4 protein chains.
Amino acid sequence: MSVVVDAGPLRRGRPRSERAQQAILAAATDLLLERGLDAVSMDAIAERAGVSKATIYRWWPAKETLALDALYLEWTDTSPEPADTGTLRGDLLALLLPWLSRIGDRPYGRVIGALITKAHTDPAFGDIYRERFVEPRREQVRVILRRAAARGEVPDGVDAEAVIDLLYGPLYHRLLHGHAPLDEDIVRYVVRAAIDSLTAG
Amino acid sequence: MSVVVDAGPLRRGRPRSERAQQAILAAATDLLLERGLDAVSMDAIAERAGVSKATIYRWWPAKETLALDALYLEWTDTSPEPADTGTLRGDLLALLLPWLSRIGDRPYGRVIGALITKAHTDPAFGDIYRERFVEPRREQVRVILRRAAARGEVPDGVDAEAVIDLLYGPLYHRLLHGHAPLDEDIVRYVVRAAIDSLTAG
Amino acid sequence: MSVVVDAGPLRRGRPRSERAQQAILAAATDLLLERGLDAVSMDAIAERAGVSKATIYRWWPAKETLALDALYLEWTDTSPEPADTGTLRGDLLALLLPWLSRIGDRPYGRVIGALITKAHTDPAFGDIYRERFVEPRREQVRVILRRAAARGEVPDGVDAEAVIDLLYGPLYHRLLHGHAPLDEDIVRYVVRAAIDSLTAG
Amino acid sequence: MSVVVDAGPLRRGRPRSERAQQAILAAATDLLLERGLDAVSMDAIAERAGVSKATIYRWWPAKETLALDALYLEWTDTSPEPADTGTLRGDLLALLLPWLSRIGDRPYGRVIGALITKAHTDPAFGDIYRERFVEPRREQVRVILRRAAARGEVPDGVDAEAVIDLLYGPLYHRLLHGHAPLDEDIVRYVVRAAIDSLTAG
DNA sequence: GTGTAATCGAGACGGTACGTCGAGTCTTGTG
DNA sequence: CACAAGACTCGACGTACCGTCTCGATTACAC
């Protein structure tokens, strides 16, 4: 589950405590969403998890990396093959409306901001962040766009990356800046705009 | 200059050192863009500015507030009435292309992420952030949209907020996530999509 | 008072808190004699002194250095010019019997052992330890021996260093090893032996 | 070999690895004399010995106890019946001069200080320390003194303990404090003083 | 031979203290 | 007053050892 570890075939010594890892990730998730990354100390996570601070550092090099794993755990089950509803519009709404209700559930924006900040400071972390959090969701849209092209709904050779940003850009913008509500209206707006941008030309 | 202080009419004692304020803001700007907000300490800013740490705290309550002012100073001259080119498309490009070249100049994304994070933690700061950084730029677009409506280019009663997010959302998305280039292509793409979203219906 | 600091003639900035230094040294003395150096943490000293840990480290580089200063404070008032009783034997007893009752007062042996250990690991500390703790007491005996030589009680050119070790060696031996009581009997024994060693030849 | 364990008559299961014990003691001796007890970690000893840390703790309850055994191994061959040279002076020199050259061989003082400190903290350890390290050497002197009394060189009923401290006290003093050389001169000085202290009265 | 029990290595674990660093406050003397 | 210098409290950092614990893999004696 961790970013860091990949169990080799021969394992010597005391095995890694699965209980500890679970407890750490659970504690981290709770505290991060409760207080935000900066306001949470590693000591607090360790204490809440009933775990030694050294155990956390053994598996995660930094608080942000732990946050990444903790949030990832909360989101993994939303990333499978996107549903095929038969229309581009249907597919996109089937993708984004559940995302909307999930993201509205808990204050993820606060933590995502911190992760983005870290990504700008530490390029290696940036790569992991994008690979784990950004890419999977973009790939889902690419699949949907390819299906739409196969159906003949949209032309071949569209600028998928731009379309994806047209969809997620405004949503993340409202999530991060909080200047306007992140609701179904804006989701439907960006879906319509994205489809128009493909078919208008 | 400061967010916080507004000099009253009667001032006794040694007057505020304008030199110190300039030096602080200059030092802060340099260091913030160089290293990012988290990696810069108030001590470092004070030392680089040749100023006492207490002097900084006298005028700014927190590092993020100072960052806000420092960045604001770099951007104030871009906020006047938007140019009127005669077309909606022309106005939007005249607004966004200069913004693009400015934002590409120095690594502003690094600091903006930190400010957004702080805004999620401290609502009061969030209000100031939005008022100073977000609103002015949104208002420019509103002006442009109203001009376009007056011209009859677009219908009345459009959802201006959604349009604005359709423009800036994808651009900030690329700025903050760095998954794709922030260039003229995407600017032209969002401008076209925004206009289409207003006229297609 | 500290080993470390020597106030220059021009002092700028907030002056060193005398209250804090006193509190630190008092807390250190208490805890050290109560529990021994290894069992006392810097955090505990800081807490007992009502002082930040950083403040301790600003003035003392290590726990042992602090212990040195703390103990020194307890002993400084015993180091003036040794009393002149008119006889070598009287002078030595007037020096050693008060030392005996002082050393028996509180468990200094425990801490002295730790300081000696540190002195073997860190030569620079060893130099300070000897200069502050060992030399002053040895010098007192040298003064006494010179007075005795002036009186004609002992010949000139005796091996003062050996005599001093003959006096303090057995006493420290009992203090540190605890194999036999450190009492007046052994003090009188070493005084007699030391004098005999000077006059027998 | 260990202070702690005494194998019962019926031993089942895998027998204790003699190789491991040797390696542990050898590694401990090397590291302790090289760096001093405080600067050596159990992990370092385990690694140098090619042994698991748990194996060390199975046989020794603490680092100091291990140090005791390690040093004891280096010294056991010096503890038999002291040589009989026919004179008190000869016997004492025959005892102390070899001790001197041994002690000068390697930096034992560094470790002895730490053992003394531990002895003050942990009375049980203190008993073991004295029984293993102090008593044997004191007993040798007692034997020598009894022989001298039998010869009529010294009166009966002398204060043997004080004499012993008069001999070893100054030597340990120089060993531990390092203020003056630990050489033949001081050995001959203490031997003469000790004998004088017995015969002068 | 085949249990069976204690040993071993490796190394993860919960703790405790370390010494450092940054934030933000406070206390001087100087201008 | 404002300011520089810099000492202060507080709290988190990431590291290093401690002594314990779980593993799987060896032994050697008792049956």
Side-chain angles (χ1 to χ4, degrees), chain A residues 10-21 38-44 46-47 49-63, chain B residues 11-17 19-21 38-47 49-63, chain C residues 10-21 38-44 46 50-63, chain D residues 10-17 19-20 38-47 49-63:
Chain A
L10 79 156
R11 310 269 297 131
R12 300 210 295 178
R14 176 173 175 174
R16 175 176 175 181
S17 159
E18 205 51 53
R19 193 212 122 268
Q21 312 304 313
D38 287 4
V40 171
S41 69
M42 290 302 245
D43 291 78
E47 192 178 0
V51 142
S52 162
K53 204 166 40 152
T55 298
I56 302 183
Y57 280 106
R58 200 189 316 281
W59 303 109
W60 290 278
K63 195 160 49 170
Chain B
R11 312 264 297 135
R12 302 210 307 171
R14 178 172 175 176
R16 174 175 170 183
S17 159
R19 195 213 119 269
Q21 314 304 313
D38 288 4
V40 171
S41 69
M42 290 301 247
D43 292 79
I45 296 173
E47 190 179 3
V51 142
S52 161
K53 210 169 30 152
T55 300
I56 302 182
Y57 280 106
R58 201 186 318 279
W59 305 109
W60 290 276
K63 191 161 54 167
Chain C
L10 78 156
R11 310 268 298 133
R12 300 212 297 178
R14 177 173 175 173
R16 176 175 173 181
S17 160
E18 206 51 53
R19 194 214 122 268
Q21 313 303 313
D38 288 4
V40 171
S41 69
M42 290 302 247
D43 291 78
V51 143
S52 162
K53 206 167 37 153
T55 300
I56 303 182
Y57 280 107
R58 199 192 314 280
W59 303 110
W60 291 278
K63 194 159 51 170
Chain D
L10 76 155
R11 312 264 298 136
R12 302 214 304 173
R14 177 174 176 175
R16 174 176 174 183
S17 159
R19 195 211 120 269
D38 287 4
V40 171
S41 69
M42 290 301 247
D43 291 78
I45 297 174
E47 191 179 1
V51 142
S52 162
K53 209 169 30 153
T55 300
I56 302 182
Y57 280 106
R58 203 187 317 277
W59 304 111
W60 290 277
K63 192 160 53 168

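Sequence lines set the chain letters: A, B, ... in the order given, protein chains first and strands last, and positions in each chain run from 1. Computed from a predicted model, the values in this text were never measured in an experiment.
Considering every non-hydrogen atom in both A:Lys63 and A:Asp38, the closest pair reads NZ-O, 4.1 Å. In plain terms, the two heavy atoms of C:Val51 and C:Ala20 that are nearest each other are CG2-CB, 3.9 Å. Minimum interatomic distance between B:Met42 and B:Ala62 (heavy atoms only, all atoms of both residues): CE-C, 4.3 Å.
Counting distance only, with no hydrogens placed and no angle test, the side-chain atoms of D:Ser52 and the base atoms of E:dA10 include a donor-acceptor pair under 3.5 Å. Residue side chain C:Arg14 does not reach the base of F:dC8 through any donor-acceptor N/O pair under 3.5 Å, judged by distance alone. No N or O donor and acceptor, one from the side chain of D:Arg16 and one from the base of E:dT7, sit under 3.5 Å apart.
Atoms CE (C:Met42) and C1' (F:dT15) sit 17 Å apart, rounded to a whole Å. For C:Glu18 and E:dT27, the CD to P distance is 16 Å, given to the nearest whole Å. Nucleotide F:dC21 holds its P atom 17 Å from the CD1 atom of D:Ile56, rounded to whole Å. Atom-to-atom, CH2 of A:Trp59 to C1' of F:dG14 comes out at 18 Å; the value is rounded to the nearest Å. One interatomic measurement links the two molecules: CG of D:Asp38 to C1' of E:dA17, which rounds to 14 Å at whole-angstrom precision. Note: CZ (D:Arg58) to P (F:dT20) measures 12 Å, nearest angstrom. As rounded to whole Å, 13 Å separates atom P of E:dG9 from atom CD of D:Glu47.
Separating the CD atom in C:Gln21 from the OG1 atom in C:Thr55 is a distance of 8.0 Å, to the nearest 0.5 Å. Atoms CZ and OG, on B:Arg58 and B:Ser52 in that order, are 7.5 Å from each other to the nearest 0.5 Å.
When distances run from any side-chain atom of A:Ala54 to the nucleotides E:dG22, F:dA16, E:dT7, the shortest one goes to F:dA16. Closest to the side chain of C:Pro15, out of F:dC3, E:dT28, E:dC26, is E:dT28. Nearest nucleotide to the D:Thr55 side chain, out of E:dC13, F:dC3, E:dC8: E:dC8. In this structure, the nucleotide among E:dG14, E:dG19, E:dT25 sitting nearest to the side chain of B:Tyr57 is E:dT25. Of the listed nucleotides (F:dC13, E:dC21, F:dC18), F:dC18 has the atom at the smallest distance from the side chain of D:Lys53.
Comparing A:Ala39 and C:Ala20 along DNA chain F, the residue whose closest nucleotide (by nearest heavy atom) sits nearer the 5' end is C:Ala20. Residues D:Asp43 and B:Val51 each lie close to DNA chain F; by heavy-atom proximity, the contact nearer the 5' end of the strand is made by B:Val51. Where D:Ala49 and C:Ala44 each meet DNA chain E at their nearest nucleotide, the meeting point lying more 5' is that of D:Ala49. Along DNA chain E, the nucleotide closest to C:Gly13 and the one closest to C:Val40 are compared, and the more 5′ of them pairs with C:Val40.
A:Gln21 has a side-chain polar atom (N or O) that falls below the 4.0 Å cut-off from OP1 or OP2 of E:dC13.
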